[in-house]
Amino acid sequence: MSEPVQGASDSNEGPEPPVHGRHRRPAAGDPEATQVIGVEDVLAGSVVHEQPPRRHTPSRRDRPSPWNHPRDRIIAAAIAVVTAAAGVLVWAGSESRATVSEIATSPPALPAAPENVPGSLTELWQAPSGATPVPLAEGSTAITASGGEVAGRDPLTGQVRWRYSRDLTLCTVGKAWSRAVAVYRKDGVNNESGCSEVVALDPDSGHRAAQRTGNTQLGTRLVTDGSYVTAFGPTLLTTWRDDLVQTVEYGRVPALVNPDKQPRTNCTYGSVAAASSRIGVIERCPGDPGDRLSVYRAVPKDADQPQVSYSQILPGVTGRMVAMSGEYTAVALADQHQLVCYGNDGDVAATYPLDLPANDLAHDPAGGVPATSSTGSGVYWFTGSRLMALSRDTLAPKWTLNTALGPGVEFDHQFVVPIDGGLAVLNEDNGSAIRTIAVNRHGYTGPVRLTALGPVLLEQRGDTVVALR
């Protein structure tokens with residue numbers, strides 16, 4: 001019996017199982033032997049296929065940087081320099097760069113006001129404040145404004161606690177919504193000269209509460225009814241709510257989109273007043289036989305169209321707005337020597353004789369805003385030479401003081417009026433003098449406006465605010 005030959009197949013064994021991951025070696029004479037091109041792997045006993053050479057594609061790291069050329073680096077550097085320079089120029093010309101805002105912490109509480117006005121008052125301090133028509137005080141802070149700066153001061157010492165300043169000139173500063181409202185001079189729409197920058201400041205901290213750009217005209221003053229503020233201009237009135245969002249424009253709007261929305265655009269304005277979300281204005285329009293009194297809503301139904309309650313032609317051309325209270329509007333007619341009160345429907349409610357020097361009503365009030373003040377029971381109108389007390393409910397005249405230098409205020413629970421040489425403490429019901437207090441105004445003889453803050457009385461004498469206690 002012969003030995004099996006090594007490498008021969010055993011007839012009792014089945015076909016060779018496939019080997020995964022490698023090729024089967026073709027037998028001699030197998031047709032596949034002529035089709036497979038390869039080399040023998042003597043270690044693995046298999047054939048390794050040769051792959052066709054691949055084309056090398058350079059990777060991102062293999063590619064040369066486009067910034068490796070000197071010219072490219074110079075261009076990149078130039079772009080960076082121009083960008084940085086542009087940023088510096090924008091910052092240098094921005095409002096932030098031109099604004100100084102120094103904030104204060106909450107001030108200490110003021111001492112309580114005494115029950116009665118003291119027998120004598122001493123000057124505590126004085127400061128320039130040419131941008132305030134009346135002295136301003138709110139919370140525990142006296143506010144002065146001059147040049148481009150608004151300052152919050154300790155009312156007892158005059159020390160500046162906070163300041164807000166711009167590289168612009170102040171047009172005016174008023175008070176509304178328990179804030180100081182500052183209006184700065186800057187050109188508005190179509191580069192018209194005006195006072196277009198408006199900012200509201202918290203009185204105790206100086207924090208900027210709101211800001212807007214508007215179309216307020218030069219020479220403006222502010223009038224408020226407590227809820228809305230209106231900026232007076234000779235041909236345009238602009239009203240804002242407490243976030244300085246504009247609620248209505250009345251008159252010659254610079255960027256007028258719908259020309260038929262304004263009732264009259266060729267008129268000029270003499271004076272303005274406000275009360276109960278209404279604004280009253282004396283208009284002088286071509287073709288009218290006399291001045292015109294128009295009263296409109298502070299918030300109209302359509303934002304771009306004033307909602308006029310009524311508009312009446314007045315007899316003569318010397319109408320002067322005096323005051324508004326509740327549903328009544330009082331107008332002085334110089335030629336007729338009358339004070340006329342109009343009701344809510346525009347009809348004449350009452351007429352009163354007006355005995356005033358001719359010079360008192362020869363001109364419109366400064367800034368278009370009458371010199372008035374109010375208490376819980378009365379409205380007080382300074383005519384220019386005397387003080388006239390009007391009923392808060394009907395605006396009917398109650399009494400007149402011929403020696404006054406301005407309207408009065410409540411101070412230390414009494415009614416105080418500036419007079420020649422000092423102050424007069426008056427009975428509000430009939431105007432009788434309770435007593436007078438001497439005040440040395442160092443030669444100043446012009447109009448005096450008053451504001452009280454706790455135990456401190458502030459006097460506005462021209463461009464200066466003086467604190468008394």
Side-chain angles (χ1 to χ4, degrees), residues 107-127 129 132-144 152-158 174-176 178 180 203-204 224 226 323 370-382 386-390 392 398-442 444 446-462 464-469:
L110 284 174
E115 288 299 320
N116 296 291
V117 179
S120 63
L121 294 171
T122 301
E123 181 176 315
L124 300 176
W125 54 269
Q126 61 177 262
S129 191
T132 56
V134 300
L136 302 180
E138 185 63 40
S140 298
T141 306
I143 300 167
T144 59
R153 298 176 181 269
D154 185 312
L156 296 173
T157 65
K175 188 183 77 169
S178 299
D204 287 336
T224 180
T372 60
S373 64
S374 62
T375 66
S377 61
V379 175
Y380 299 92
W381 172 42
F382 180 62
R386 57 198 64 185
L387 178 66
M388 181 174 290
L390 309 174
R392 178 88 181 233
K398 295 168 59 177
W399 48 264
T400 301
L401 179 67
N402 294 338
T403 59
L405 297 179
V409 296
E410 281 190 359
F411 174 54
D412 293 347
H413 309 284
Q414 293 182 299
F415 185 65
V416 176
V417 175
I419 59 173
D420 291 330
L423 301 166
V425 182
L426 303 181
N427 183 323
E428 278 196 81
D429 292 333
N430 54 29
S432 60
I434 299 173
R435 68 179 183 277
T436 60
I437 304 166
V439 174
N440 184 0
R441 297 195 175 102
H442 307 287
Y444 178 80
V448 176
R449 300 297 298 268
L450 302 179
T451 296
L453 184 62
V456 178
L457 183 69
L458 300 173
E459 286 194 350
Q460 180 94 33
R461 305 173 190 168
T464 302
V465 167
V466 180
L468 305 171
R469 185 184 183 190

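Because the structure is a prediction, the values reported are computed rather than measured.
- Contact record, Ala323 with Val379: CB-CG1, 3.9 Å, taken as the closest heavy-atom pair.
- For Phe382 against Ala404, the heavy-atom pair with the smallest separation is CE1-O, 3.4 Å.
- Taken from OG in Ser178 to CG in Asp204, the straight-line distance is 10.0 Å, to the nearest 0.5 Å.
- A search for salt bridge (charged side-chain N to carboxylate O under 4.0 Å, His left out) contacts involving Arg386 returns nothing, not counting sequence neighbours.
- Side chain of Arg449 to backbone of Gly406: no donor-acceptor contact under 3.5 angstrom is found.
- A side-chain contact (heavy atoms from CB on, under 4.5 Å) with Ile419 holds for exactly one of Ile437, Leu426, Thr436; it is Thr436.
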Using the rule given for side-chain contact (heavy atoms from CB on, under 4.5 Å), can you reason through Leu124 versus Thr157, listing the C-alpha separation, both sets of side-chain angles and the distance that settles it, and then say yes or no?
CA-CA 7 Å; Leu124 300 176; Thr157 65; over 6 Å; no
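- Two residues are said to be in side-chain contact when any heavy atoms from C-beta on lie closer than 4.5 Å; Leu457 and Leu423 meet this criterion.
- Proximity of a side-chain donor or acceptor of Thr141 to a complementary backbone N or O of Pro203 within less than 3.5 Å is detected.
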Please report the C-alpha distance between His442 and Val466 in whole Å, then the side-chain angles of each, then the deciding distance to 0.1 Å, and finally whether the side-chain contact (heavy atoms from CB on, under 4.5 Å) criterion is met.
CA-CA 11 Å; His442 307 287; Val466 180; over 6 Å; no
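- Between Met388 atom CE and Thr372 atom OG1 the span is 13.5 Å, to the nearest 0.5 Å.
- Counting all heavy atoms, side chain and backbone alike, Pro111 lies closest to Pro455 at O-CD, 3.2 Å.
- Classified by interplanar angle (parallel below 30°, tilted 30° to 60°, perpendicular above 60°), the ring pair Trp399/Tyr380 is tilted.
- Here Asp412 pairs with nothing under the side-chain hydrogen bond (donor to acceptor under 3.5 Å, both in side chains) rule; sequence neighbours left out.
- Side chain of Arg441 to backbone of Gly422: a donor-acceptor contact under 3.5 angstrom is found.
- Between Arg153 and Ser129 the shortest side-chain heavy-atom distance does not fall below 4.5 Å.
- The two residues Ser377 and Lys398 have their closest heavy-atom pair at O-NZ, 4.1 Å.
- By the 4.5 Å heavy-atom criterion applied to side chains, Pro107 and Asp154 are not counted as neighbours.
- Interatomic distance, OH of Tyr444 versus CG of Leu405, reported as 8.0 Å (0.5 Å rounding).
- Evaluation of the salt bridge (charged side-chain N to carboxylate O under 4.0 Å, His left out) rule for Glu138 yields Lys175 as partners, not counting sequence neighbours.
- The shortest heavy-atom contact between Ala452 and Phe411 is CB-CD1, 3.8 Å.
- Pro108 places none of its side-chain heavy atoms less than 4.5 Å from the side chain of Ser140.
- Judged by distance alone, with hydrogens and angles left aside, the side-chain atoms of Trp125 form a donor-acceptor pair with the main-chain N or O of Pro155 at under 3.5 Å.
- Distance check, rounded to the nearest 0.5 Å: CG of Leu458 to CD of Gln126 gives 12.5 Å.
- Residues Thr403 and Val417 form no side-chain contact, since every pair of their non-hydrogen atoms from C-beta on lies 4.5 Å or further apart.
- For Glu428 (side chain) and Phe415 (main-chain N/O), no donor-acceptor pair under 3.5 Å exists by modelled atom type.
- Among Leu450, Thr451, Thr464, the one residue that satisfies the side-chain contact (heavy atoms from CB on, under 4.5 Å) test with Glu459 is Leu450.
- Across Ala127 and Thr144, no two heavy atoms sit closer than the pair CB-CG2, 4.3 Å.
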